[in-house]
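Every value quoted in this text rests on a predicted model; they were computed, and no experiment measured them.
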Amino acid sequence: MAWLIGAIILFLVVAVFVVKLKTSVSRPDDNPYVKTAPLFTAAERSLLGVLEQAEGADFRIFGKVRVADVVSVRTTLSRSVYQTAFNRIRAKHFDVILCNKDDLAVVVAIDLNDRSHEKTSRQERDRFLEGVCKSVALPFIQLQARNRYAVVELRERIHGTLVA
């Protein structure tokens with residue numbers, strides 16, 4: 001009889017342990033996050049490397065920067081107009097920005113156009129970002145994604161944009 005009570009107690013302890021383990025593992029609201037793939041695609045990493053060679057002495061280079069961290073919406077607008085304008089930029093990002101080394105003011109925004117930019121929706125996004133940058137007098141460079149970038153060519157493109 002004692003062995004039966006012991007077996008029942010052991011069964012209950014194991015059952016409680018299994019239920020707690022299953023509950024803690026299967027509740028997605030406890031930890032809904034997973035680590036993502038590398039931050040940059042191969043083309044973006046290649047571009048960053050060449051940008052470092054071309055402009056690293058003159059500028060600080062940052063990647064994957066939210067447009068809303070570079071451009072803000074005027075606070076004098078009505079709440080609904082402000083929110084609509086903010087919503088249009090909050091989830092978009094620049095692939096790369098170059099900043100002044102002294103004060104980290106953004107000098108140039110760069111977008112890398114890969115095959116996804118052949119889609120109409122991406123082209124509309126590109127035109128929108130171009131318009132936003134133009135409205136705040138921020139030079140905006142769109143580069144075609146390549147396997148390799150020439151340091152001199154990239155430097156000339158950036159400096160040509162800054163002079164214009």
- Could you tell me which non-hydrogen atom of Val132 sits nearest to which non-hydrogen atom of Ser135, and how far apart they are? O-OG, 2.7 Å
- Shared ILVMFWY cluster between Leu98 and Val151, side chains joined below 4.5 angstrom? yes
- Query: With Ala85, which residues qualify under side chain to side chain contact (heavy atoms under 4.5 Å, CB included), at least two apart?
  - Reply: Val73
- Side chain to side chain, Ile141 and Asp111, heavy atoms closer than 4.5 Å: no
- Query: Taking the side chain as C-beta and beyond, is there a heavy-atom pair between Phe59 and Cys99 under 4.5 Å?
  - Reply: no
- Message: Can you list, by chain and residue number, the hydrophobic cluster partners of Val152 when the side-chain cut-off is 4.5 Å?
- Response: none
- Side-chain touch Ile110/Leu51, heavy atoms, less than 4.5 angstrom: yes
- Going only through I, L, V, M, F, W and Y residues with side-chain contacts under 4.5 Å, is there a path from Val107 to Leu48? yes
- Using the salt bridge (Lys or Arg N to Asp or Glu O under 4.0 Å) rule, collect all pairs that involve residues 74-83, keeping only residues at least two apart or in two chains. none
- Query: Residues two or more places apart in sequence or in another chain: which of them pass side chain to side chain contact (heavy atoms under 4.5 Å, CB included) with Lys92?
  - Reply: Val67, Arg125, Phe128, Leu129
- For Val70, side chain to side chain contact (heavy atoms under 4.5 Å, CB included) partners two or more places apart: Val65, Phe94, Ile97, Val106, Leu138
- Message: Taking side-chain hydrogen bond (donor to acceptor under 3.5 Å, both in side chains) as the definition, give me every residue that meets it alongside Asn100, ordered by chain and number, with sequence neighbours left out.
- Response: none
- Task: Give a yes or no on whether Lys101 atom NZ has more than 12 heavy-atom contacts from other residues, nucleotides or ligands under 6.0 Å away.
- Result: yes
- Val96-Phe140 co-clustered via ILVMFWY side chain contacts under 4.5 Å: no
- All pairs passing salt bridge (Lys or Arg N to Asp or Glu O under 4.0 Å) where residues 142-152 contributes a residue, at least two apart: Arg146-Glu153
With a cut-off of 3.5 Å and sequence neighbours excluded, list every side-chain donor-acceptor pair involving residues 154-164.
{"from": "Arg155", "atom 1": "NE", "to": "Ala54", "atom 2": "O", "distance (Å)": "3.0"}
{"from": "Arg155", "atom 1": "NH2", "to": "Ala54", "atom 2": "O", "distance (Å)": "3.3"}
{"from": "Arg157", "atom 1": "NH2", "to": "Gln142", "atom 2": "O", "distance (Å)": "3.1"}
{"from": "His159", "atom 1": "NE2", "to": "Glu55", "atom 2": "OE1", "distance (Å)": "3.2"}
{"from": "His159", "atom 1": "NE2", "to": "Glu55", "atom 2": "OE2", "distance (Å)": "3.0"}
{"from": "Thr161", "atom 1": "OG1", "to": "Arg157", "atom 2": "O", "distance (Å)": "2.8"}

- Message: Do Leu112 and Tyr149 make a side-chain contact, defined as non-hydrogen atoms from C-beta onward lying under 4.5 Å apart?
- Response: yes
- Query: Under the side-chain hydrogen bond (donor to acceptor under 3.5 Å, both in side chains) test, which residues partner Gln83, sequence neighbours left out?
  - Reply: Asn87
- Item | With Glu124 via side chain to side chain contact (heavy atoms under 4.5 Å, CB included) - residues at least two apart | Thr120, Arg127
- In sequence, state the C-alpha distance, the side-chain angles, and the governing distance for Phe62 and Leu104, and then conclude on side chain to side chain contact (heavy atoms under 4.5 Å, CB included). CA-CA 10 Å; Phe62 298 96; Leu104 296 182; 4.2 Å; yes
- Taking salt bridge (Lys or Arg N to Asp or Glu O under 4.0 Å) as the test, write out the residues that go with Asp69, two or more places apart. Arg66
- If a pair satisfies salt bridge (Lys or Arg N to Asp or Glu O under 4.0 Å) and one of its residues is in residues 40-52, list it, with sequence neighbours excluded. Glu44-Lys64
